[in-house]
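Everything below concerns the one structure shown next.
Along the sequence shown, the residues carry numbers beginning at 1.
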Amino acid sequence: MNTPIQTESATGALFGNLFAAYDDASFKFSVDLFERRFRDGGFDVSWFKDKKCLDAGCGGGRYSIAMAHLGASAVDGIDLSELGIADAKRRANDLGAAHVNFQVGSVAALPYADSTFDCVIASGVLMHTTDPVKVLSELCRVIKPGGILYMLVYATEGLRWPLVQMLRPIAQYIGFETIDAAVAKAGMLAPRRRTYLDDLFVPCIDFYTWQCLEGMLKANGLENATRWTRGRLDQEETLGTYVKDLSGFLEVFQAVPGDAARTAAAICQSVGDHATRIATDVSAGRLSEADGRTQAIGQGHHRFTASKA
Ligand SMILES: C[S@@+](CC[C@H](N)C(=O)[O-])C[C@H]1O[C@@H](n2cnc3c(N)ncnc32)[C@H](O)[C@@H]1O
């Protein structure tokens with residue numbers, strides 16, 4: 001059993017490795033995704049102008065840079081990963097993002113005074129932390145009254161997460177290097193590599209119901225929690241993209257030699273077949289699109305904003 005410090009160190013090292021592998025074009029694409037996603041989510045992105053923003057768990061800094069490009073007066077990015085922060089500094093410089101400051105640190109002990117930021121974002125972070133209650137209270141502490149929090153948090157439903165839970169111990173047994181080599185053999189570029197290796201190897205992975213998140217936000221003085229149902233622009237966009245994403249796990253394990261990988265591939269095949277059946281039933285009109293989504297994807301990721309009273 002790892003200590004929280006060992007877990008944090010392994011988490012930082014994993015994400016530093018995964019984000020640093022993005023080439024310039026795919027990194028820029030993922031910077032631009034921020035604006036597209038916020039617009040599609042119904043958020044007026046001109047709001048960012050002259051705002052002081054924090055990107056908590058900033059990884060390679062793509063969303064810090066996006067907020068700077070949208071006119072934020074200052075952006076702080078903080079992450080556990082030394083490699084991630086070094087990479088973020090270089091990327092911000094290359095992309096001419098002004099007033100961005102990156103530092104290594106933990107979102108469970110933020111080095112900022114209370115009520116510092118107009119906006120705090122923590123995208124894909126909470127569920128990978130060892131003390132999410134402390135983390136959420138830290139994020140809320142540094143938001144100014146009237147300021148906003150944006151988060152992406154994994155939800156409990158859908159076929160992908162039970163699949164990931166079944167695959168994780170097998171992936172651990174096979175080992176990161178072997179699976180990474182299989183990802184390369186399957187021809188997956190850095191963004192897809194991150195999707196699969198993140199979920200298979202991140203030390204801490206938790207799932208939240210919306211009710212649980214709402215309760216946690218309220219307990220920290222946040223209100224108007226609004227869950228976005230549009231602007232997914234990810235594997236949950238359609239049933240087709242979801243099925244394709246699931247099939248990536250099969251591709252990976254088929255490229256690994258040995259019995260353990262064969263077992264993993266059989267699990268992937270059976271979950272993938274189930275998802276395909278749902279998609280086929282929708283295409284054939286035997287199931288409504290909404291019911292098909294519910295059965296395969298569930299509610300989907302929680303992407304939401306909330307404001308501090
Ligand atoms: C899925 S990545 C998301 C990165 C970034 N938000 C993005 O969307 O590009 C999760 C990030 O959270 C960071 N992280 C996890 N726990 C953390 C903690 N306690 N303090 C700071 N960063 C943390 C990881 O190092 C990683 O870069």
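At least one side-chain heavy atom of Leu126 sits under 4.5 Å from a side-chain heavy atom of Leu213. Between Val125 and Asp79 the shortest side-chain heavy-atom distance does not fall below 4.5 Å. Side chains of Val164 and Phe249 form a contact here, defined as non-hydrogen atoms less than 4.5 Å apart. Between Glu157 and Phe207, every side-chain heavy-atom pair lies at or beyond the 4.5 Å cut-off. At a threshold of 4.5 Å between non-hydrogen side-chain atoms, the residues Leu167 and Cys268 count as touching. Side-chain atoms of Arg91 and Val31, non-hydrogen and from C-beta on, never get closer than 4.5 Å to each other. Taking 4.5 Å as the limit, every side-chain heavy atom of Leu246 sits out of range of all side-chain heavy atoms of Leu250.
Note on Val135 and Phe15: same hydrophobic cluster, where clusters join Ile, Leu, Val, Met, Phe, Trp and Tyr whose side-chain heavy atoms are under 4.5 Å apart, directly or indirectly. There is a path of hydrophobic side-chain contacts, each under 4.5 Å, that joins Leu152 to Val45. Under a hydrophobic clustering in which Ile, Leu, Val, Met, Phe, Trp and Tyr are joined whenever their side-chain heavy atoms come within less than 4.5 Å, directly or via other members, Leu110 and Ile85 fall into different clusters. Val100 and Ile78 are assigned to two separate hydrophobic clusters, defined by single-linkage of ILVMFWY side chains at heavy-atom distances under 4.5 Å. Val120 and Trp228 are assigned to two separate hydrophobic clusters, defined by single-linkage of ILVMFWY side chains at heavy-atom distances under 4.5 Å.
Note that the CG atom of Asn17 and the CG atom of Leu83 stand 7.0 Å from one another [nearest 0.5 Å]. Considering CG of Asp76 and CG of Leu54, their distance stands at 6.5 Å, rounded to 0.5 Å. To the nearest 0.5 Å, atoms CD1 (Ile278) and CZ (Arg286) are separated by 12.0 Å. Put simply, CZ on Arg293 and OG1 on Thr238 are 7.5 Å apart, with the number rounded to the nearest 0.5 Å. Distance CD/Glu8 to CG/Leu80: 5.0 Å, rounded to 0.5 Å. The CE atom of Met67 sits 5.5 Å away from the SG atom of Cys119 when rounded to the nearest 0.5 Å.
One N or O on the side chain of Lys308 and one on the backbone of Cys140 form a donor-acceptor pair closer than 3.5 Å. Checking side-chain atoms of Asp118 against main-chain N and O of Gly147 turns up no donor-acceptor pair under 3.5 Å. Between the His128 side chain and the Val202 main chain, no donor and acceptor come within less than 3.5 Å of each other. Put simply, the side chain of Arg192 never gets that close to the backbone of Gly187: no donor and acceptor are under 3.5 Å apart. Remark: the backbone N or O of Asp199 is paired with a side-chain donor or acceptor of Arg168 at under 3.5 angstrom. Counting only distance, with no hydrogens or angles, the side chain of Tyr242 and the backbone of Ala275 share no donor-acceptor pair below 3.5 Å. Proximity of a side-chain donor or acceptor of Asp23 to a complementary backbone N or O of Ala25 within less than 3.5 Å is detected. With hydrogens and angles disregarded, no donor-acceptor distance shorter than 3.5 Å links the side chain of Arg303 to the backbone of Gly41. Side-chain atoms of Tyr196 never come within 3.5 Å of backbone atoms of Ile179 as a donor-acceptor pair (strictly under, hydrogens ignored).
Residues Arg194 and Tyr22 have side chains that bring a donor and an acceptor to within less than 3.5 angstrom of each other. Residues Asp291 and Thr294 have side chains that never bring a donor and an acceptor to within less than 3.5 angstrom of each other. Between the side chains of Ser283 and Thr280, no donor-acceptor pair of N or O atoms lies under 3.5 Å. Donor-acceptor pairing under 3.5 Å is recorded for the side chains of Asp44 and Ser46.
Counted within 6.0 Å of OH on Tyr173, heavy atoms from surrounding residues, nucleotides or ligands total 12 or fewer; the atom is thus considered open. Dense packing is recorded around CD of Gln103, with more than 12 heavy atoms of other residues, nucleotides or ligands lying under 6.0 Å away.
Test Phe38, Tyr150, Phe34 against Phe43 for ring-ring contact (aromatic ring centres under 6.0 Å, His included) and you get one pass: Phe38.
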Under 3.5 Å, which donor-acceptor pairs link side chains of residues 55-63 to any protein atom two or more places apart or in another chain?
unit_1	atom_1	unit_2	atom_2	d
Asp55	OD2	Ser64	N	3.0
Asp55	OD2	Ser64	OG	2.7
Tyr63	OH	Arg37	NH1	3.3

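Between Pro132 and Met216, the shortest heavy-atom distance links the atoms O-CE, 4.2 Å. In this structure, Gln172 and Leu200 approach most closely via the heavy-atom pair NE2-O, 4.3 Å. Taking each heavy atom of Asp87 and Ala20 in turn, the nearest pair found is OD2-CA, 3.5 Å. Considering every non-hydrogen atom in both Met188 and Arg193, the closest pair reads CB-N, 4.4 Å. When every heavy atom of Ala88 is checked against every heavy atom of Ile65, the shortest pair comes out as O-CD1, 4.5 Å. Minimum interatomic distance between Ala225 and Leu217 (heavy atoms only, all atoms of both residues): CB-CD1, 3.8 Å.
The pair Asp281-Arg277 fails the salt-bridge criterion, with no side-chain N (NZ, NE, NH1 or NH2) lying under 4.0 Å from an Asp/Glu carboxylate O. Taking the charged nitrogens against the carboxylate oxygens, Arg262 and Asp259 do have a contact shorter than 4.0 Å, which makes a salt bridge. Asp94 and Arg90 are joined by a salt bridge, as a carboxylate oxygen and a charged side-chain nitrogen come within less than 4.0 angstrom of each other. In this structure, Glu35 pairs ionically with Arg39, as a charged nitrogen and a carboxylate oxygen lie closer than 4.0 Å.
Ring geometry for Tyr154 against His301 counts as parallel: the plane angle stays under 30°, on a 0 to 90° scale with 60° as the upper cut. The aromatic rings of Phe201 and Phe176 sit perpendicular, their planes meeting at an angle over 60°, well past the 30° parallel limit.
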Could you give me the CA-CA distance, side-chain angles and deciding distance for Val107 and Glu138, then say whether side-chain contact (heavy atoms from CB on, under 4.5 Å) is met? CA-CA 7 Å; Val107 296; Glu138 275 296 272; over 6 Å; no

Can Asp245 and Asp234 be said to form a side-chain contact (heavy atoms from CB on, under 4.5 Å), step by step? CA-CA 9 Å; Asp245 171 68; Asp234 61 12; over 6 Å; no

Would Lys51 and Leu70 satisfy side-chain contact (heavy atoms from CB on, under 4.5 Å), going step by step from the backbone distance to the final call? CA-CA 10 Å; Lys51 296 293 192 302; Leu70 288 170; over 6 Å; no

Could you walk me through whether Ile205 and Gln165 pass side-chain contact (heavy atoms from CB on, under 4.5 Å), step by step? CA-CA 9 Å; Ile205 184 166; Gln165 297 288 54; 4.2 Å; yes

